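A quick note: this is a predicted structure, and the numbers were derived from the prediction, not measured.
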Amino acid sequence: MKLGILSDTHKKVGRAKKTIDMLVENGAKHLIHAGDIGKEEVLAYMESTKIPYTAVLGNNDRRLEALTQRYNLFKEPHYFTIANLRIKLMHHPWFLSPDADLIVFGHTHKFSVDCRDTGELFLNPGEACARNKPISEAVLLDVHPKRWEITHCQRRIKEAIWQYKTLICKRDH
């Protein structure tokens, strides 16, 4: 199972669309947005892919709160399951407890991976908006029964080519 994970698109709709397109083109079967979406157009674009998606509200998404009934959009932390994988999705790194298999967060604008000995994965995909650095980033997460295959995807904002770096973590199932 391959998940496409992004966060912190803010109001950069064009960069968000390029990131979503890259995730879909690389085989993501479910999109996960860890908040600070910024504009409804980003939610509408995720929905237009016809791929299942899940998103949470970030601290800059107050204008989007009224859209939780229209989109697959939730307040944090949001727990859900995909094919027996228990996921906790949030924007703020305030609820970083190992109470799911995969814990996804945003807010810091910094890519981070923490593979626990007990098998949980804490993941921040970094920023798709390229606000703090001239790079859009996201993660393709390939979930296997015994391992996590984490591909950090980066694109310089003035370039069309994405760069990919993959790391493997053990996953006790």
Side-chain angles (χ1 to χ4, degrees), residues 1-113 120-132 136-143 148 150-153 155:
M1 169 179 52
K2 193 177 281 192
L3 306 175
I5 305 172
L6 69 158
S7 185
D8 295 282
T9 50
H10 288 273
K11 296 179 180 180
K12 302 294 186 181
V13 176
R15 291 178 188 160
K17 287 180 177 183
K18 287 177 183 175
T19 302
I20 292 164
D21 288 345
M22 177 275 300
L23 295 169
V24 171
E25 288 165 9
N26 280 282
K29 300 299 181 203
H30 193 109
L31 297 172
I32 297 174
H33 197 305
D36 274 0
I37 299 155
K39 293 199 171 210
E40 182 179 0
E41 291 95 321
V42 175
L43 293 165
Y45 195 72
M46 284 195 299
E47 192 159 288
S48 76
T49 67
K50 304 299 183 204
I51 292 174
Y53 70 93
T54 306
V56 291
L57 294 161
N59 56 296
N60 290 298
D61 291 330
R62 286 180 187 85
R63 293 177 310 280
L64 301 177
E65 285 182 26
L67 301 174
T68 57
Q69 299 302 314
R70 180 161 184 217
Y71 296 100
N72 203 20
L73 177 63
F74 302 92
K75 291 183 178 181
E76 63 176 349
H78 176 64
Y79 293 84
F80 63 107
T81 302
I82 302 172
N84 296 321
L85 179 70
R86 293 172 303 129
I87 302 170
K88 177 166 61 173
L89 176 61
M90 66 199 116
H91 180 64
H92 292 96
W94 295 338
F95 309 102
L96 294 179
S97 57
D99 55 351
D101 301 313
L102 172 62
I103 298 91
V104 177
F105 63 100
H107 188 64
T108 66
H109 292 241
K110 294 178 183 174
F111 169 73
S112 67
V113 174
E120 298 92 3
L121 176 63
F122 290 75
L123 179 65
N124 185 325
E127 62 177 9
C129 67
R131 183 182 79 183
N132 292 349
S136 288
E137 55 192 339
V139 166
L140 283 160
L141 178 63
D142 209 345
V143 182
W148 304 101
I150 305 140
T151 302
H152 184 208
C153 312
R155 181 187 65 84

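For D142, there are no salt bridge (charged side-chain N to carboxylate O under 4.0 Å, His left out) partners at least two apart in sequence or on another chain. Shown here are the ring pair (Phe, Tyr, Trp, His ring centres under 6.0 Å) partners of H78, two or more places apart in sequence or in another chain: F74, F80. Under the side-chain hydrogen bond (donor to acceptor under 3.5 Å, both in side chains) criterion, H107 pairs with N59, H91, not counting sequence neighbours. In terms of the side-chain hydrogen bond (donor to acceptor under 3.5 Å, both in side chains) criterion, residue partners of R131 (sequence neighbours excluded) are, by chain and number, H109. Contacts of A138 classified as side-chain contact (heavy atoms from CB on, under 4.5 Å), with partners at least two apart in sequence or in another chain: L6, T19, M22, L23. Remark: S48 engages Y45 in a side-chain contact (heavy atoms from CB on, under 4.5 Å) (not counting sequence neighbours). Under the rule for a side-chain hydrogen bond (donor to acceptor under 3.5 Å, both in side chains), T49 has no partner lying at least two apart in sequence or in another chain.
Between atom CG of residue L3 and atom CD1 of residue I51 there is a gap of 11.0 Å, rounded to the nearest 0.5 Å. Atoms CG and CE, on N72 and M46 in that order, are 8.5 Å from each other to the nearest 0.5 Å. If you take CG on N84 and CE on M1, they are separated by 8.5 Å, rounding to the nearest 0.5 Å. The distance from the OG atom of S7 to the NE2 atom of H33 is 6.0 Å, given to the nearest 0.5 Å. Note that CG of L67 and CG of L73 are 7.0 Å apart. Values are rounded to the nearest 0.5 Å.
You'll find the side chain of I103 reaches within 4.5 Å of the side chain of M90, heavy atoms only. Taking the side chain as every heavy atom from C-beta outward, V143 and L121 never approach each other to under 4.5 Å. F122 is not listed as a side-chain neighbour of P93, based on a closest heavy-atom distance of 4.5 Å or more. Residues K110 and N124 have side chains not in contact (no heavy-atom distance under 4.5 Å, counting atoms from C-beta outward).
Here the closest non-hydrogen pair linking L43 and A55 is CD2-CB, 4.1 Å. Contact record, A16 with V42: CB-CG2, 3.8 Å, taken as the closest heavy-atom pair. The two atoms that bring H10 and C129 nearest to each other are CD2-SG, 3.7 Å, heavy atoms only. When all heavy atoms of L123 and F111 are compared, the closest pair comes out as CD1-CE1, 4.3 Å. Nearest heavy-atom pair across A28 and L140 is CB-CD2, 4.3 Å. Pairing each heavy atom of L85 with each of L102, the nearest pair is CD2-CD2, 4.3 Å.
Looking at E137, its side chain never comes within 3.5 Å of a backbone N or O of A128 through a donor-acceptor pair. No side-chain donor-acceptor contact under 3.5 Å links K75 to the backbone of T68. The backbone N or O of I37 sits less than 3.5 Å from a side-chain atom of T9, completing a donor-acceptor pair.
Each ring pair (Phe, Tyr, Trp, His ring centres under 6.0 Å) pair with one or both residues in residues 52-72, not counting sequence neighbours, would appear here, but there are none. The stretch residues 80-99 participates, sequence neighbours left out, in these salt bridge (charged side-chain N to carboxylate O under 4.0 Å, His left out) pairs: R86-D101, K88-D99. Within the structure, every pair that satisfies the salt bridge (charged side-chain N to carboxylate O under 4.0 Å, His left out) test and touches residues 39-61, not counting sequence neighbours, is listed here: E40-R70. The list of salt bridge (charged side-chain N to carboxylate O under 4.0 Å, His left out) pairs with a residue in residues 8-22, not counting sequence neighbours, is empty.
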Practice prompt. With side chain to side chain contact (heavy atoms under 4.5 Å, CB included) as the test, would you mind laying out the steps for H30 and I32 before giving the verdict?
Written response: CA-CA 7 Å; H30 193 109; I32 297 174; 3.9 Å; yes
